[in-house]
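A note on names: the letters A, B, ... follow the listed sequences, proteins ahead of strands, and every chain is numbered from 1.
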Amino acid sequence: MDFLQELNSTQQIAVTHTEGPALIIAGAGAGKTRVLTYRIAQLLSQGAPAYRILALTFTNKAAREMQKRIADLIGGEMAANLWMGTFHSIFAKILRMEAEQLGYTSSYTIYDTQDSRNLLKAIIKEMNLDDKVYKPNVVQGRISMAKNNLVTPAAYLQNARILEEDKAMKRPLTGEIYRRYQQRCKQSDTMDFDDLLLETNILFRDHPETLAKYQQKFSHILVDEYQDTNYSQYLIIRKLSEAHRNICVVGDDAQSIYSFRGARIENILNFRNDYPDYKLYKLEQNYRSTTTIVDAANCVIGKNQGQIPKHIFSKNEEGEKIKVLHALSDKEEGFQVTNELFRLAQTKQLDYSSFAILYRTNAQSRVLEEALRRRNIPYKIYGGQSFYQRKEVKDLLAYFRLTVNQNDEEAFKRIINYPRRGIGDSTVEKLQEIASAYHAGLWTVICNLERVGSQFNSGTLGKLQKFGTLIEQFKTLASEENAYDAAVAIARQSGIIDELKNDDTPEGISRKENIEELLNGIKEFCETAYKEGQNDRLPAFLEGVALLTDQDNEKEGDQDKVTLMTIHASKGLEFPVVFISGLEEELFPAQQSTQTAAGLEEERRLFYVALTRAEKQVILSYANTRYRNGQITYPRPSRFIEEIAAEYLDGYIPLRSAPSGFKLRNATPQASPQPRQPITIQRAKAVDIPPIDRTRLQPVDANRVVPDMIIYHPTFGAGKVIGIEGLGTQKKAKVAFAEGGIRVLLLKFAKIYTQAD
DNA sequence: CTCTTCCAGCTTTTT
DNA sequence: GCTGGAAGAG
């Protein structure tokens, strides 16, 4: 095959050894995706039918990208027949075909995290438990953990260790909540994200003939990002690969960053035990980054214990050093980052799309966005609230869900009184009571109002009946029309359109746009489905949409823009220039993670991932003050900066060697940050300046600088404004500095800070 | 039953 | 600083 010419020797071997178990350890930027795609292309060219190849990824994006690349290599038709997708989407599909064996129907719907939390809240309330003790997200995490480790409710309630833990945490009834939760999901014909994997395992465990069918079907199995698989996923793969043993997993233990959601780094470490006859391939040459970046990243990851031995190297140019920006505040950090970005774009003639600004938490994006907007630099932002989680989108989707699956309890509760139709909480509560008494769902009650209706007054009864009829109509509609026509009709007849029509606030307009966008998406779905002779009905649309997150929808006009995203979201991507912001203790590494060695190591891997996104240049930044949760904090620079050898850094002066005088990198090394000593500046002799608490400085707007104000300047230090001259952009301040004499500062440029009070 | 106001918790990351 | 839920008034 001529496409093999494009690979180095290790890559070639990894691609052409297609039989038997294989573990590919692929360092960052070592051509992991390339090897995977070429391996699939190789399989296909050897005559393996596309529909017998199973390729699993972690994100829809990765799956789509790979599909596209394979299509380019061997043609789109063949690529389309591959079983390629995320774990969740592939097994959701299989579960749909095998649902009856598990007590679900093939039109089961999917609860997202919010739905499942709402159901848990309802159950906790019904059990008369205190939701301050049984915190819904804690319980949810507990259940999710159980599911990821294949602990069913029955097993949970019999597991002495788990029950002991729950007792110790003062939540002994967690198992009972889990039991009820699972029972309600089944009654509602719904699965949550974890169920998609758990139920697949149950299917394979309890139905050997079904397992055998899929074992035979999939002649070759490939798994991307193997280090991020959890136990549930691991076991599915192990079982499926038993018959043919053609399993190829690709991963990098150094990039394992999802243990918080159950990923087990051991899966990759234990591969050799599961498949003693495995072949190991190590892709160690980084083609992406400069030697400076690769070496710096190696410094960082070298601080971790227990890795698969490997030596990642680059033969690229040395490149620029890693620049460190230090800012007084989070706002100024945004300012400095934006400045530097603009400067690089100009001097190096780079498009804005060459830049990424990464951060640890989504909350950090706001100040960065503001700074970019002020500079008129176009940007796109990933993550945050996804399109499909917006209220208005979820509302309309809930109508679709209930249309497809009337037992979907969360969808039912979401829309029974939206838009307002006079069915309030107490009515829903009563419905719930009746439903429980009959061990049935809410919809069953609606269908049997003539039998139980006496419990409602006639007005309410009418409203409930009307709601039932409405959904029945939608059901007919969905079976007769294509997804788009049905969706538009539902949006209208449900009253959602009318509800939003009269809202002319900016939020209201944006809601309307989102609804429109959703409908447009459905239209597109219908057109594609029609063209390819696929099912274009509403249920088919809903199947796909439940597992979709944003990330996907690359909007038009997004080409030349700076990318803003969390480090997690950046995994697998690359950019010429990468900014990593907020390198501060408690933030990165996250405070919660520093408690355990394992947690800290994961944060370090996260930093490693961030560094290795960059091709040419990395810029780190941190701030002395930062608003978090509405409060000002005074972080110290992250330990991670100093874990990079000084020879690769530019502009960072380690704390211990910082001059004690008037420099901004002022914090003296402290064993523990609390209690915090205010750092003050000595009273000046020449001018009467009170002590300044440098930890409480904040930028001040030029307009607000007035005579007699005590200010602080990055270079000259503390001073007193003794006069103002000029107007507008020419406005200048005459300042008497404690140690630097009298200076006139053009306020347009000068960075001036004042003490917050 | 609906609307408004107030308060608590949140912020690590996602299918 | 924001959001979602609780509580209280109409």
Side-chain angles (χ1 to χ4, degrees), chain A residues 56-63 85-92 110-114 116-118 121-122 125 131-132 135-138 141 144 147-148 191-198 225 228-230 232-233 256-263 330 358-367 382-386 388-391 417-429 457 459-460 463 507 545-552 565-571 582 586-595 599-600 602-603 605-607 609-610 626-633:
Chain A
L56 298 166
T57 63
F58 263 79
T59 60
N60 298 303
K61 199 174 172 190
T86 63
F87 276 87
H88 294 267
S89 69
I90 293 286
F91 295 112
I110 295 173
Y111 278 170
D112 68 14
T113 318
Q114 199 188 334
S116 94
R117 178 148 58 238
N118 288 342
K121 276 185 198 162
K125 202 167 183 185
D131 65 358
K132 297 270 161 28
K135 289 184 185 162
N137 13 356
V138 174
S144 175
K147 287 184 177 179
N148 286 333
M191 295 197 208
D192 65 23
F193 289 142
D194 298 321
D195 284 334
L196 295 173
L197 306 173
L198 174 64
E225 309 280 18
D228 286 334
T229 48
N230 62 31
S232 192
Q233 293 164 321
S256 162
I257 53 173
Y258 283 114
S259 76
F260 69 92
R261 64 175 206 209
D330 47 358
L358 308 182
Y359 35 78
R360 179 68 180 80
T361 66
N362 279 311
Q364 287 166 254
S365 73
R366 251 193 54 212
V367 273
Y382 283 78
Q385 202 187 27
S386 110
Y388 296 98
Q389 297 189 17
R390 305 250 164 85
K391 185 188 174 303
N417 198 29
Y418 181 83
R420 306 251 120 69
R421 43 176 77 86
I423 305 175
D425 293 347
S426 55
T427 305
V428 175
E429 222 160 272
N457 66 43
T460 310
K463 290 170 192 165
E507 300 83 45
V545 84
L547 296 166
L548 231 53
T549 46
D550 50 330
Q551 311 270 321
D552 306 319
M565 57 169 72
T566 64
I567 300 168
H568 281 88
S570 77
K571 189 157 89 151
E586 321 259 278
L587 181 62
F588 192 20
Q591 193 263 324
Q592 300 91 321
S593 309
T594 51
Q595 312 303 322
L600 185 62
E602 179 144 318
E603 293 288 309
R605 291 193 292 270
L606 197 53
F607 187 45
V609 168
R626 178 177 301 276
Y627 273 98
R628 287 183 78 183
N629 305 336
Q631 279 210 317
I632 231 175
T633 60

Show your working on side-chain contact (heavy atoms from CB on, under 4.5 Å) between A/Asn230 and A/Arg261 and close with a plain yes or no. CA-CA 8 Å; A/Asn230 62 31; A/Arg261 64 175 206 209; over 6 Å; no
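- Under the side-chain contact (heavy atoms from CB on, under 4.5 Å) criterion, A/Thr566 pairs with A/Tyr359, A/Asn362, A/His568, A/Ala569, sequence neighbours left out.
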Derivation and outcome, side-chain contact (heavy atoms from CB on, under 4.5 Å), residues A/Arg605 and A/Ser256: CA-CA 7 Å; A/Arg605 291 193 292 270; A/Ser256 162; 3.8 Å; yes
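- The residue A/Ser89 sits apart from the nucleic acid: no heavy atom pair falls under 4.0 Å.
- Going from the P atom of B/dT13 to that of C/dG4 covers 15 Å, rounded to whole Å.
- In this entry the distance linking OH of A/Tyr382 with P of B/dT15 reads 13 Å, nearest Å.
- Residue contacts for A/Asn417: at a heavy-atom cut-off of 4.0 Å it reaches the sugar-phosphate backbone alone, with no base atom in range.
- For the ring pair (Phe, Tyr, Trp, His ring centres under 6.0 Å) test, no residue two or more places apart in sequence or in another chain qualifies with A/Tyr111.
- Evaluation of A/Tyr258 against the base of B/dT13 yields no stacking contact (centre distance < 5.5 Å, interplanar angle < 30° required).
- Between A/Asp194 atom CG and B/dT14 atom C1' the separation is 11 Å, expressed in whole Å.
- Between A/Thr59 and B/dT15 there is no side-chain polar atom (N or O) within less than 4.0 angstrom of OP1 or OP2.
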Please lay out, stage by stage, how A/His88 and A/Ile110 fare under the test side-chain contact (heavy atoms from CB on, under 4.5 Å). CA-CA 11 Å; A/His88 294 267; A/Ile110 295 173; over 6 Å; no
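- Side-chain to base pairing of A/Thr113 with B/dT14: no donor and acceptor N or O lie closer than 3.5 Å to each other.
- Under the rule for a ring pair (Phe, Tyr, Trp, His ring centres under 6.0 Å), the partners of A/Phe588 that lie at least two apart in sequence or sit in another chain are A/Phe607, A/Phe640.
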Check nucleotides 4-11 of chain B against the protein and report each pair of N or O atoms closer than 3.5 Å, with its distance, or say if there are none.
from, atom 1, to, atom 2, distance (Å)
B/dT11, O3', A/Gln592, NE2, 2.9
B/dT11, O2, A/Asn629, OD1, 3.0
B/dT11, N3, A/Asn629, OD1, 3.1

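- The side chain of A/His88 has B/dT15 as its nearest neighbour among C/dG1, B/dT15, B/dT14.
- Straight-line distance from the CE atom of A/Met565 to the C1' atom of B/dT13: 14 Å, rounded to whole Å.
- Between A/Arg261 and A/Ser426, the residue anchored nearer the 5' end of DNA chain B, judged by the nucleotide with its closest heavy atom, is A/Ser426.
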Worked verdict on A/Leu358 versus A/Met565 for side-chain contact (heavy atoms from CB on, under 4.5 Å): CA-CA 5 Å; A/Leu358 308 182; A/Met565 57 169 72; 3.6 Å; yes
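- With sequence neighbours left out, the side-chain contact (heavy atoms from CB on, under 4.5 Å) criterion links A/Tyr418 to A/Lys391, A/Asp395, A/Ile496, A/Glu499, A/Leu500.
- One interatomic measurement links the two molecules: CD of A/Glu603 to P of B/dT13, which rounds to 11 Å at whole-angstrom precision.
- If you find the closest nucleotide of DNA chain B to A/Thr460 and to A/His568, the one lying nearer the 5' end belongs to A/Thr460.
- Considering only residues two or more places apart in sequence or on other chains, A/Glu429 meets the side-chain contact (heavy atoms from CB on, under 4.5 Å) condition with none of them.
- Distance, A/Leu196 CG to B/dT14 P: 19 Å, rounded to whole Å.
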Got a list of protein N/O to nucleotides 5-7 of chain C N/O distances below 3.5 Å?
from, atom 1, to, atom 2, distance (Å)
C/dG5, OP1, A/Lys121, NZ, 3.1

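- Using a 4.0 Å heavy-atom distance criterion, A/Phe58 is classed as a sugar-phosphate-only contact.
- When the side-chain contact (heavy atoms from CB on, under 4.5 Å) test is applied to A/Lys571, the partners found at least two apart in sequence or on another chain are A/Glu225, A/Gln227, A/Asp228, A/Gln255, A/Ile257, A/Tyr258, A/Val609.
- With sequence neighbours excluded, no residue satisfies side-chain hydrogen bond (donor to acceptor under 3.5 Å, both in side chains) with A/Gln233.
- Of the candidates C/dC2, B/dT14, B/dT13, C/dC2 carries the atom nearest the A/Arg366 side chain, counting heavy atoms from C-beta on.
- Relative to the side chain of A/Arg420, the nucleotides B/dT2, C/dC2, B/dT14 differ in distance, and B/dT2 lies closest.
- The nearest whole Å value for the distance from the CZ atom in A/Phe193 to the C1' atom in B/dT14 is 8 Å.
- If you measure from atom CG of A/Asn362 to atom C1' of C/dT3, you get 15 Å, rounded to the nearest angstrom.
- Residue contacts shown for A/Gln631 are absent, as no nucleic acid heavy atom lies under 4.0 Å away.
- Taking atom OH on A/Tyr388 and atom C1' on B/dT14, their separation rounds to 16 Å, with Å as the unit.
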